[in-house]
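Accompanying notes for the structure given below.
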Amino acid sequence: MKMWDGRFKKPSDKLMEEFNNSLPFDKKLIEEDITGSIAWANALKKIGVFSEEERVKVIDGLREILKEYKEGKVTFLHSDEDIHMAVERLLVEKVGSAGERLHTGRSRNDQVITDTRLYTKKALKEINEGLLELQGSILHRAQEDYGVIVPGFTHLQQAQPILLSHYWMSFFFLLEREKSRIGHAIKSTDILPLGSGALAGSGFSVDRDSIAKELGFSEISKNSVDMVSSRDFLLETLSVFASVGVHISRYAEDLIIWSSKEFGFIELDDAWSTGSSMMPQKKNPDSLELLRGKSGRFVGNYVRFVTTLKGVGLTYYKDLQEDKEPLFDSVFQLQMVVKVFSQVLLTLSVCQERIEKDLDPFLLATDMADYLVRKGMPFRQAHKVIGKVVGYCVENDLTLIELPVEKLKEYSDLFGEDVEKLYSWKDAISYRTVKGGTGWDSVKEQIETGKKILGVQ
Ligand code: ARG
């Protein structure tokens with residue numbers, strides 16, 4: 001028996017039923033569905049569809065269904081097409097005809113999108129909390145590792161020396177932008193659909209403002225056709241999640257390389273690594289590899305749903321039911337990803353001595369070119385001069401800082417004894433005084449900004 005079978009002469013094919021049913025996955029929305037229905041029951045009471053007694057009966061019945069569901073006592077039927085119909089059936093079984101009146105002036109079209117918006121808003125807020133925690137771990141690292149100088153890389157070739165804290169803080173500020181994208185996604189999600197009906201607006205003049213207030217929505221939708229069709233907030237949400245996932249993947253990639261024996265810059269805590277079933281000596285950075293690998297899902301879930309949406313005209317078509325699984329999967333996985341990365345960062349150790357041994361004096365080449373520029377040489381010329389000096393060093397198996405000043409003078413008479421001041425890593429860092437650069441003060445300032453953002457001392 002279906003709730004809509006009045007006009008049908010025969011039942012659905014079993015395979016059609018299985019194909020059509022969304023209950024196996026949308027039962028995740030039971031709490032949102034019941035919260036939305038309680039607000040709807042209150043609104044119906046105000047316009048006289050329910051007596052006070054019926055309102056209480058319906059709401060108690062709904063609360064009981066949720067409680068029983070949580071206790072594992074609810075049995076769903078094969079004929080329950082989705083969570084909305086399942087809850088309605090259970091309600092009618094519990095409270096009789098009052099339950100049959102709950103769907104007055106409401107359609108599953110505005111109901112499903114209300115539930116999905118409630119769920120998505122909550123999930124976005126939780127992910128935002130997770131990102132705050134991740135930023136906390138990054139800030140902790142930046143403070144702890146202040147003073148460690150690492151080679152900064154481009155093309156995976158050593159490029160210029162930077163403070164490790166500068167590298168960590170890059171992630172902090174990136175996450176600031178992700179959080180603002182999440183903030184925008186929350187704004188797009190935070191709109192009440194109930195009252196939109198199937199597409200034309202409810203046939204009953206319910207007080208939508210008070211439903212919005214009760215459900216915690218900041219505004220009510222202005223157009224019912226727009227609202228029952230609207231899945232833009234899901235595209236936005238899935239795309240922010242894809243962006244967060246991809247960025248976490250990029251940092252994980254760096255750290256995987258840094259944790260290799262060849263680099264040896266960091267070591268993961270045992271609790272966040274795994275071993276090999278065959279090679280007893282192995283300690284693998286599986287946490288980081290999964291952080292990198294899972295980015296595929298986040299991108300995939302976005303692409304999967306945007307592809308579905310592309311062909312769907314207004315207003316509601318069953319294609320839209322395909323929005324839930326990618327959403328649920330991305331939410332579940334991203335919550336874990338953010339937590340795991342936060343712990344991996346907090347617990348890893350930095351192998352400072354090994355890093356220092358690895359710093360290649362050629363990293364100072366740009367600083368030496370800048371030195372000549374400060375003495376008056378145009379940068380293009382200085383680049384050429386230092387290029388020649390580097391070439392000489394490579395040919396003669398010398399490091400850049402081993403050349404006597406006399407030799408340097410052969411390349412430019414602008415070189416003086418003071419060039420040797422550049423030869424300390426710490427001093428090289430000091431020369432970068434520009435705001436936002438890797439200089440000591442700039443990085444301190446970044447850490448202070450980070451503390452302010454997180455509201456910590
Ligand atoms: N299970 C459906 C979904 O998730 C609910 C809405 C059904 N609406 C309809 N007109 N058939 O999209």
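Remark: F50 pairs with no residue by the ring pair (Phe, Tyr, Trp, His ring centres under 6.0 Å) rule, at least two apart or across chains. Contacts of F265 classified as ring pair (Phe, Tyr, Trp, His ring centres under 6.0 Å), with partners at least two apart in sequence or in another chain: W258, F263. Under the rule for a side-chain hydrogen bond (donor to acceptor under 3.5 Å, both in side chains), H155 has no partner lying at least two apart in sequence or in another chain. Listed by chain and residue number, W4 satisfy the ring pair (Phe, Tyr, Trp, His ring centres under 6.0 Å) test with F8 (two or more places apart in sequence, or in another chain). In this structure, the side-chain hydrogen bond (donor to acceptor under 3.5 Å, both in side chains) partners of S51, at least two apart in sequence or on a different chain, are E54. With sequence neighbours left out, T114 forms a side-chain hydrogen bond (donor to acceptor under 3.5 Å, both in side chains) with no residue at all. Scored by the salt bridge (Lys or Arg N to Asp or Glu O under 4.0 Å) test, K94 finds E64, E68 as partners (sequence neighbours excluded). With sequence neighbours excluded, the residues that form a salt bridge (Lys or Arg N to Asp or Glu O under 4.0 Å) with E178 are R181. For K14, there are no side-chain hydrogen bond (donor to acceptor under 3.5 Å, both in side chains) partners at least two apart in sequence or on another chain. Contacts of F341 classified as ring pair (Phe, Tyr, Trp, His ring centres under 6.0 Å), with partners at least two apart in sequence or in another chain: F171. Considering only residues two or more places apart in sequence or on other chains, E219 meets the salt bridge (Lys or Arg N to Asp or Glu O under 4.0 Å) condition with K222.
Rounded to the nearest 0.5 Å, atoms CG (L164) and CD1 (I355) are 6.0 Å apart. Note that the CD1 atom of I65 and the NZ atom of K73 stand 14.0 Å from one another [nearest 0.5 Å]. Put simply, CG on L139 and CG on L134 are 11.5 Å apart, with the number rounded to the nearest 0.5 Å. Between the CG atom in D82 and the CG atom in L29 there is a gap of 10.0 Å [rounded to 0.5 Å]. We find the CG-CE distance between N109 and M227 to be 13.0 Å, quoted to the nearest 0.5 Å. With rounding to the nearest 0.5 Å, the separation of CD in Q333 from NZ in K294 is 3.5 Å.
The side-chain heavy atoms of L454 and F172, taken from C-beta on, include a pair separated by under 4.5 Å. Looking only at side-chain heavy atoms (C-beta outward), E52 and V56 come within less than 4.5 Å of each other. A heavy-atom distance below 4.5 Å is not found between the side chains of L62 and L66. Proximity of R432 to D367: side-chain heavy atoms (C-beta onward) are separated by under 4.5 Å at one or more points. At least one side-chain heavy atom of I257 sits less than 4.5 Å from a side-chain heavy atom of L156. Counting only heavy atoms from C-beta outward, the side chains of I113 and S230 approach each other to under 4.5 Å. Using a 4.5 Å heavy-atom cutoff, the side chains of E81 and L23 are not in contact. Between D145 and W168, some side-chain heavy-atom pair lies under the 4.5 Å cut-off.
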Inset, instruction - Please report the C-alpha distance between S259 and K283 in whole Å, then the side-chain angles of each, then the deciding distance to 0.1 Å, and finally whether the side chain to side chain donor-acceptor pair (under 3.5 Å) criterion is met. - result: CA-CA 10 Å; S259 71; K283 178 173 164 182; over 6 Å; no
Inset, instruction - Decide salt bridge (charged side-chain N to carboxylate O under 4.0 Å, His left out) for D26 and K324; before the verdict, give the C-alpha distance in whole Å, the side-chain angles of both, and the deciding distance to 0.1 Å. - result: CA-CA 7 Å; D26 70 13; K324 284 166 208 69; 5.5 Å; no
Legend entry - Evaluation steps, salt bridge (charged side-chain N to carboxylate O under 4.0 Å, His left out), between R89 and E93: CA-CA 6 Å; R89 173 186 61 80; E93 280 171 14; 2.8 Å; yes
Legend entry - Verdict with supporting geometry, R304 and E322, salt bridge (charged side-chain N to carboxylate O under 4.0 Å, His left out): CA-CA 9 Å; R304 179 174 160 190; E322 290 293 310; 5.2 Å; no
Inset, instruction - Starting from the C-alpha separation in whole Å, work towards a yes-or-no answer on side-chain contact (heavy atoms from CB on, under 4.5 Å) for F153 and Y167. - result: CA-CA 11 Å; F153 295 86; Y167 177 87; over 6 Å; no
Legend entry - Residues I38, E214; criterion side-chain contact (heavy atoms from CB on, under 4.5 Å); working and verdict: CA-CA 9 Å; I38 290 175; E214 184 173 340; 4.0 Å; yes
Legend entry - Trace of the side-chain contact (heavy atoms from CB on, under 4.5 Å) decision for E32 with R117: CA-CA 9 Å; E32 288 76 12; R117 282 175 180 271; over 6 Å; no
Legend entry - Verdict with supporting geometry, L288 and L291, side-chain contact (heavy atoms from CB on, under 4.5 Å): CA-CA 5 Å; L288 291 170; L291 289 168; 4.1 Å; yes
Exercise answer: donor-acceptor pairs, residues 183-199 side-chain atoms, under 3.5 Å, sequence neighbours excluded:
unit_1: H184; atom_1: ND1; unit_2: E236; atom_2: OE2; d: 2.5
unit_1: S188; atom_1: OG; unit_2: H184; atom_2: O; d: 3.2
unit_1: S188; atom_1: OG; unit_2: E236; atom_2: OE1; d: 2.7
unit_1: T189; atom_1: OG1; unit_2: A185; atom_2: O; d: 2.7
unit_1: D190; atom_1: OD1; unit_2: K121; atom_2: NZ; d: 2.9
unit_1: D190; atom_1: OD1; unit_2: S218; atom_2: N; d: 3.1
unit_1: D190; atom_1: OD2; unit_2: S218; atom_2: OG; d: 2.3
unit_1: S196; atom_1: OG; unit_2: P193; atom_2: O; d: 2.7

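Within 6.0 Å of the NZ atom in K67, the count of heavy atoms belonging to other residues, nucleotides or ligands does not exceed 12. Remark: E53 CD is loosely packed, at most 12 non-hydrogen atoms of other residues, nucleotides or ligands lying under 6.0 Å away. D441 CG: 12 or fewer foreign heavy atoms inside a 6.0 Å radius. No more than 12 heavy atoms of other residues, nucleotides or ligands lie within 6.0 Å of NE2 in H383, so this atom counts as exposed by the packing criterion. With a 6.0 Å radius and a threshold of 12 heavy atoms from other residues, nucleotides or ligands, K451 has its NZ atom above the threshold.
Side-chain N/O atoms of S22 and Q321 include a donor and acceptor closer than 3.5 Å. A donor and an acceptor atom, one from each side chain of N301 and S330, are located under 3.5 Å apart. With no hydrogens or angles considered, a side-chain donor-acceptor pair links S210 and D207 at under 3.5 Å. Side-chain contact check for S170 and Y251: at least one donor-acceptor pair (N or O, by modelled atom type) lies under 3.5 Å. For the residue pair R250 and S295, no side-chain donor N or O sits within less than 3.5 Å of a side-chain acceptor on the partner. No donor-acceptor contact under 3.5 angstrom links the side chains of T347 and D269, judged on distance only. Residues Q111 and S107 have side chains that never bring a donor and an acceptor to within less than 3.5 angstrom of each other.
When all heavy atoms are compared, the tightest approach of R354 to K261 is NH1-O, 3.2 Å.
Within the cation-pi definition used here (under 6.0 Å to the ring centroid, within 45° of the axis), K28 qualifies as a partner of F328.
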